[in-house]
There are 2 protein chains.
Amino acid sequence: MFDRESPVPMYYQIERYIEHLIENRNLKAGDQIPSEREFTDQFHVSRMTVRQAIMNLVNSGLLVRIKGKGTFVSNYNKIEKALIGLNGFSEDMISRGMKPGSRMLSFRRILPSTKIAERLGLSKSEEVFEIKRTRLADDEPMAIETSYLPVHVFPKLTEKKASPSLYHYIEQECGLLIDHADQSLEAALVTDEEAKILDIQNGSPVLLIERCSFLKNGQPIEQTKSLFRADRYKFMITLPRG
Amino acid sequence: MFDRESPVPMYYQIERYIEHLIENRNLKAGDQIPSEREFTDQFHVSRMTVRQAIMNLVNSGLLVRIKGKGTFVSNYNKIEKALIGLNGFSEDMISRGMKPGSRMLSFRRILPSTKIAERLGLSKSEEVFEIKRTRLADDEPMAIETSYLPVHVFPKLTEKKASPSLYHYIEQECGLLIDHADQSLEAALVTDEEAKILDIQNGSPVLLIERCSFLKNGQPIEQTKSLFRADRYKFMITLPRG
DNA sequence: TACATCTAGTTGTCTAGACATCTATACGCT
DNA sequence: AGCGTATAGATGTCTAGACAACTAGATGTA
């Protein structure tokens, strides 16, 4: 299970082991994990090495240490994730207790506009997928979402695969982990066409959200424009100070 | 300068020293800081202790380490702060390159509504300050801001002190450090009265932002409702993924 | 010139301890 | 019962090294 000859450092192997412990051994928030000494005996490494593993997990927010008592699974992490977390529409709706849905408006392979090409770091001759969908919550229109993805990043994308949850496809099927996203929010009025799709009156307000998602290396991989019905949607977030 | 007998741990003293180095020695983003060995010689502590100080600063985003090369002042930190940071209106406008301004609409000491009392964790008999202002950017109306602050937290608040920047007063004059804020954003239409104040047409869209600020211990100390002109204001943010 | 090798300096990983500080419990005394 | 003390066990701080891995520059050779 543990390989001292592996080029993977021991502290990193221990980190993954502790994460595994929490996921598979049903450790809930607040539960205590084994002490530093127990890990030292179990893995036959020095205490400083165990501490390096644990400190990394503390810094990532998974664990909390209390002097004199022990090390515990954090619960802050989940609150943080629920409020700050970067979620796709489906995850967002589920966390609000609503049933997400989707109705495809169009699925095309096109040359990007200047703005989209620039945001995605492409030349204007590199194709992108354009996915336009009506987003439903409890079977009623909630938003109009238009996503752009570089063809060279997602060569095998099809209409069917994109349908349920785009984020799920990107992360679970392509193995691309989104690291962060730049997002802007502004208020706007619907056009007549949009009002018809969203089933609201002409001149109603909508929340316009534009998002560009990046990998850890800074490569942009997705640009989405969403138009939310103001009467059904409020964007919630917790901002840390500094 | 450094006290080995102090109860303050050496690694912490070194952390503060490095921060001081960066601020006062004009180290810009990308500049290299002294090597671990140099700190070891300078402070007569072991290398592991120096590493503990440096790793803490790496985790906080101030430094970046490159194996085989050295340790450098980060630039990511500033971008992060500019986009994620929790700012008052004045700081926000300055970072957009505009001149912030303020026109007091009303300054009252009142009993809070049920909603405000609940948000601020007060009983309905505990008074709050209600501060209504027109917020200007480059001398033109940008937003209408209504803030509520518990009287028992800010007993000495006056109309004059609140005028330039509320956040400045809270943090610099009262010494209360805001830790985080819950914020909601939604789209709405202006009322006739608001349209007049903001100098826009009736039926124009506005971005409605509600914010409740908390201290580190979780105590709420400020609740603000802001109505931004949609034609002048866009909310920007960078969201980390988990 | 072009390329490989050596070397000094840096961060990365790890050890086997030491003593301090804090928590919770157990114990004994009043 | 109430109170202080002792103790075990946990994390916090720190040492004085060791070797590995990586970078960049100098040196030597074809």
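None of the values given here were measured: they were computed from a predicted structure.
Closest to the B/Tyr11 side chain, of the nucleotides C/dC14, D/dT13, C/dT15, is D/dT13. Listed candidates were C/dT11, C/dC14, D/dT15. Nearest to the side chain of A/Pro9 is C/dC14. You'll find that the side chain of A/Lys67 is closest to D/dG12, out of C/dA16, D/dG12, C/dT11. Distance from the side chain of A/Glu36 is smallest to D/dG12 among C/dT10, D/dG12, C/dT13. When each of D/dT15, C/dT11, C/dA18 is scored by its nearest atom to the side-chain atoms of A/Arg47, the top-ranked nucleotide is C/dA18.
As a whole-Å value, the separation of A/Arg37 CZ from D/dG12 P is 17 Å. If you take CZ of A/Phe72 and P of D/dG9, they are 16 Å apart, rounded to a whole angstrom. Taking atom CE of A/Met48 as the reference point, atom P of D/dT11 lies 14 Å away to the nearest angstrom. Between the C1' atom of D/dA20 and the CE atom of A/Met10 lies a distance of 16 Å, rounded to the nearest Å. Here the P atom of nucleotide D/dA16 and the CG atom of B/Asp41 are 13 Å apart, to the nearest Å. In this entry the distance linking CD1 of A/Ile66 with C1' of D/dG12 reads 14 Å, nearest Å. B/Gln52 has its CD atom 16 Å from the C1' atom of C/dC14, to the nearest Å. Regarding A/Gln32, its CD atom lies at a distance of 13 Å from the P atom of D/dG9, rounded to whole Å.
A/Glu118 has no carboxylate O lying under 4.0 Å from a charged side-chain N of A/Lys115, or vice versa, which leaves the two without a salt bridge.
The side chain of A/Thr71 places no N or O atom within less than 4.0 Å of a non-bridging phosphate oxygen (OP1 or OP2) of D/dA10. Taking side-chain N and O atoms only, B/Lys69 has no distance below 4.0 Å to OP1 or OP2 of D/dC22. Contact check, B/Ser46 against D/dA16: no side-chain N or O comes under 4.0 Å of OP1 or OP2. Close to C/dT10, at under 4.0 Å from its OP1 or OP2, lies no side-chain N or O of B/Arg65.
At most 12 non-hydrogen atoms from other residues, nucleotides or ligands lie less than 6.0 angstrom from NZ of A/Lys124.
Side-chain contact between A/Leu208 and B/Lys234 is absent, with no heavy-atom pair separated by less than 4.5 Å. Annotation: side chain of A/Ser147 is in contact with side chain of A/Glu222 (closest heavy-atom distance under 4.5 Å). Residues B/Arg51 and B/Arg65 meet the side-chain proximity criterion, which asks for heavy atoms closer than 4.5 Å.
Along DNA chain C, the nucleotide closest to A/Thr49 and the one closest to B/Ile54 are compared, and the more 5′ of them pairs with B/Ile54.
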